[in-house]
Amino acid sequence: MAATAAVGPATPAVGAPVGGLGQFSSYPFSLGVASGDPLNDSVILWTRLAPQPLVIGSGMPNQPVPVHWQVADDEAFTTIVREGETFALPENNHSVHVDVRGLQPDRWYFYRFRCGSELSPVGRTRTLPALGASVASFTVSQMSCQNWQTGYFTAYRYMAQDGIDLGLHLGDYIYEGSITAVAPRDGATVPDEIRDPCQSVDQYRLRYSLYKTDPDLQAAHAAFPWAVIRDDHEVSNDYRGGVDQGPQQLARRAAGYKAWWENMPTRCAPPVGPDQRIYRRFAVGSLAQFDLLDSRQYRTADNDPLVSKLGNEQEAWLIDGINSYDTTWHLLAMGQQLGGVATSSPTRNRIYQAYYDRNVSPVILAGDLHWTLVSDALLALPDPTSPIVGTQFIGTSITSTGDGPGSQATKDGWLKYPWVKYADGYRGYLRTVITPTGLYSTQRDVQFVTQPNAPVWDAQRFYIAAGKPGVQLV
């Protein structure tokens, strides 16, 4: 059972006793805990000290603060398997990233932090199966696009209870624009300095603090490890690269990347100015290879036949590594799809051709669109007779665009293409169970986001047979 996350700036999780406040003005673990980027012997643990999360500096002194961490076999921490001490540094907004090594493969663990007399909420995490190991099943969630002012993050409450092994967040973790209203968030108070569009690193930091005070988001972070990539709103809407937009855009990108790294449980190295490599890959035993892409940082044009939409270096890394691991499944995850639903791009065509030539049928995961669109991935668009290379799942948003079900005309427009098998305009997430013989995915929708406590239901199930490209509705 997943541990319960903190529900507010001064309320620790059940089972995480708290001593006196000591040197802190309030509970320092107000943003909860998280883990991410698991390997078969390692996982990243994260927290950030923030007794006053909605003010610049989070109420912390301008000095390093020691933080103790523990990893245990059990939620009561009677059997501690790893522990140590690190420092929360002011230059990193007092965030903590601990790379815990020497863990056993394919195991669930519990973790927590201590600072002074304060204990953090308890988180639950896991390692991946050993490379090449047989894996009966592995469950992932696909999520993206969470606009705080648009509604409640109720989908995360269900996700935290949904038996997830790994969460894949495909970008738009925050929205950088003006916060003009908080009507869907009854009683929410947002200081004026957080309402302005994000430009500086302090503004991005405050935006992350606002989002991460959400109790349902904290619960999902504490329940399972995440692997996170970016889309555009972590910097600015529809940004592409930045070199061609001058020093102001590059400075904004540097600020956005810095705050993203400080707030994510990632093993990616910190950014160097406006540059940070976040594309990476890993394998789940002999079951699945995951390739995570950066669909924004390296873009100069969408349809340039010579310059990749992913950047030439990242595209070459992807194509050269298609068979990096001997696995049954190959999952390719990115913030924004490589082409349009009904239009190709040179980058898309080259990558799909590479998969097709290698007889690999990818499962392509994307976000950005605020609709769930499930389709056969064709070698050549818009030719419906073209060979099916794999399957694409574009996932809906957590809140962005507001309550569903979306325009019927828009839905009909998607479904007129024969390769598009399903369209859904509600908010929610995709839960996918990967097995050696088949992939089973479920679209889980929440009824609304403009009010709390929305019910959830399984809107549609999908099936892909191993070795047979193309998706079935079941």
Side-chain angles (χ1 to χ4, degrees), residues 138 140 142 168 170 229 279 281-284 286-293 295 308-310 314-315 317-369 371-395 414 417-423 430-443 460-474:
F138 193 81
V140 300
Q142 178 182 342
L168 299 172
L170 306 186
I229 52 179
Y279 61 88
R281 69 169 49 95
F282 58 90
V284 177
S286 63
L287 185 65
Q289 172 177 317
F290 289 80
D291 290 284
L292 277 58
L293 300 184
S295 59
S308 175
K309 184 175 181 176
L310 298 175
Q314 182 180 199
E315 182 181 318
W317 168 87
L318 173 63
I319 291 175
D320 291 345
I322 283 175
N323 284 314
S324 291
Y325 299 102
D326 184 14
T327 59
T328 302
W329 297 94
H330 294 73
L331 290 92
L332 177 62
M334 66 200 80
Q336 188 184 54
Q337 61 180 319
L338 294 171
V341 172
T343 58
S344 65
S345 76
T347 300
R348 174 202 180 279
N349 294 345
R350 287 190 300 269
I351 291 170
Y352 280 29
Q353 188 69 54
Y355 277 109
Y356 188 70
D357 291 345
R358 289 162 176 76
N359 198 31
V360 171
S361 300
V363 178
I364 301 157
L365 312 177
D368 181 66
L369 205 56
W371 279 77
T372 297
L373 294 181
V374 180
S375 60
D376 292 335
L378 303 184
L379 183 62
L381 283 177
D383 178 5
T385 66
S386 177
I388 300 172
V389 176
T391 301
Q392 179 165 265
F393 291 91
I394 300 177
W414 297 128
Y417 302 111
W419 54 88
V420 176
K421 306 302 181 182
Y422 180 77
L430 281 155
R431 180 185 188 271
T432 299
V433 180
I434 309 167
T435 77
T437 58
L439 183 148
Y440 305 83
S441 190
T442 303
Q443 174 60 37
Q460 181 63 54
R461 292 183 175 89
F462 311 92
Y463 174 71
I464 307 170
K468 296 180 180 179
V471 63
Q472 303 173 41
L473 275 61
V474 293

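The basis for the numbers below is simple: all heavy atoms, side chains too, and nothing from hydrogens, waters or symmetry mates.
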(request) Search all heavy atoms of V389 against all heavy atoms of P362 and return the closest pair with its distance. (result) O-CD, 3.5 Å

(request) Check whether any side-chain N or O of Q472 sits under 3.5 Å from a backbone N or O of A465 as a donor-acceptor pair, and report yes or no. (result) no

(request) Report yes if the distance between the aromatic ring centroids of Y325 and F282 is under 6.0 Å, otherwise no. (result) no

(message) Minimum heavy-atom separation for Y279 and L293, please, with both atom names.
(response) CB-CA, 4.1 Å

(request) Starting from the C-alpha separation in whole Å, work towards a yes-or-no answer on side-chain contact (heavy atoms from CB on, under 4.5 Å) for V284 and T327. (result) CA-CA 8 Å; V284 177; T327 59; over 6 Å; no

(message) Nearest 0.5 Å, please: how far is OG1 in T347 from NZ in K309?
(response) 7.5 Å

(request) Carefully, step by step, assess L170 and Q336 under the rule side-chain contact (heavy atoms from CB on, under 4.5 Å). (result) CA-CA 8 Å; L170 306 186; Q336 188 184 54; over 6 Å; no

(request) For the residue pair F138 and T435, establish whether any side-chain heavy-atom pair is separated by less than 4.5 Å. (result) no

(message) If I take atom OG from residue S344 and atom CG from residue L338, how far apart are they, to the nearest 0.5 angstrom?
(response) 11.5 Å

(request) Give the minimum heavy-atom separation between L379 and N349, together with the two atoms involved. (result) O-OD1, 4.3 Å

(request) Any chance you could measure R281, atom CZ, to L318, atom CG, to the nearest 0.5 Å? (result) 6.5 Å

(message) Ignoring hydrogens, what is the shortest heavy-atom contact between G470 and I388? Give both atom names and the distance.
(response) N-CG2, 3.8 Å

(request) Check the surroundings of atom OH in Y440: do more than 12 heavy atoms from other residues, nucleotides or ligands lie under 6.0 Å from it? (result) yes

(request) Could you tell me whether the side chain of L287 reaches within less than 4.5 Å of the side chain of P436, counting heavy atoms only? (result) yes

(message) Taking CG in D320 as the centre, count heavy atoms belonging to other residues, nucleotides or ligands within less than 6.0 Å. Is the count above 12?
(response) yes

(request) Find the distance between OG (S345) and OH (Y352) and round it off to the nearest 0.5 Å. (result) 9.0 Å

(message) Do F393 and F462 have side chains that approach each other closer than 4.5 Å (heavy atoms only, starting at C-beta)?
(response) yes

(request) Could you walk me through whether L310 and W317 pass side-chain contact (heavy atoms from CB on, under 4.5 Å), step by step? (result) CA-CA 10 Å; L310 298 175; W317 168 87; over 6 Å; no

(request) State the CD1-OG distance between I351 and S308, to the nearest 0.5 angstrom. (result) 6.0 Å

(message) With rounding to the nearest 0.5 angstrom, report the OG1 to CG distance, T432 to L365.
(response) 7.0 Å

(request) Would you tell me whether D357 and Q353 have side-chain atoms, one donor and one acceptor, within less than 3.5 Å of each other? (result) yes

(request) Find out whether L292 and I229 are in side-chain contact, i.e. whether some heavy atom of one side chain is under 4.5 Å from a heavy atom of the other. (result) yes

(message) Between K421 and D376, is there a side-chain heavy-atom distance shorter than 4.5 Å?
(response) yes

(message) Less than 4.5 Å apart, side chain to side chain, heavy atoms only: is that true for Y463 and V471?
(response) no

(request) Start with the C-alpha gap between T372 and Q443, add the side-chain angles, then the distance that decides, and say whether side chain to side chain donor-acceptor pair (under 3.5 Å) holds. (result) CA-CA 8 Å; T372 297; Q443 174 60 37; 3.0 Å; yes

(request) Output, in order, the C-alpha distance, side-chain angles, deciding distance and verdict of side-chain contact (heavy atoms from CB on, under 4.5 Å) for L381 and R348. (result) CA-CA 10 Å; L381 283 177; R348 174 202 180 279; 3.5 Å; yes

(message) Minimum heavy-atom separation for W329 and T437, please, with both atom names.
(response) CZ2-C, 4.5 Å

(request) Please name the residue in the list L373, I394, I364, D368 that meets the side-chain contact (heavy atoms from CB on, under 4.5 Å) test with Q337. (result) I394

(message) Tell me the closest heavy-atom pair linking T442 and R461, and the distance in Å.
(response) OG1-CG, 3.7 Å

(message) Are the side chains of N323 and H330 in contact, using a 4.5 Å heavy-atom criterion?
(response) yes

(message) Are W419 and P384 packed together at the side-chain level, in the sense that at least one heavy-atom pair is separated by less than 4.5 angstrom?
(response) yes

(message) Would the distance check show the side chain of Q289 and the main-chain N or O of D326 forming a donor-acceptor pair, the cut-off being under 3.5 Å?
(response) no

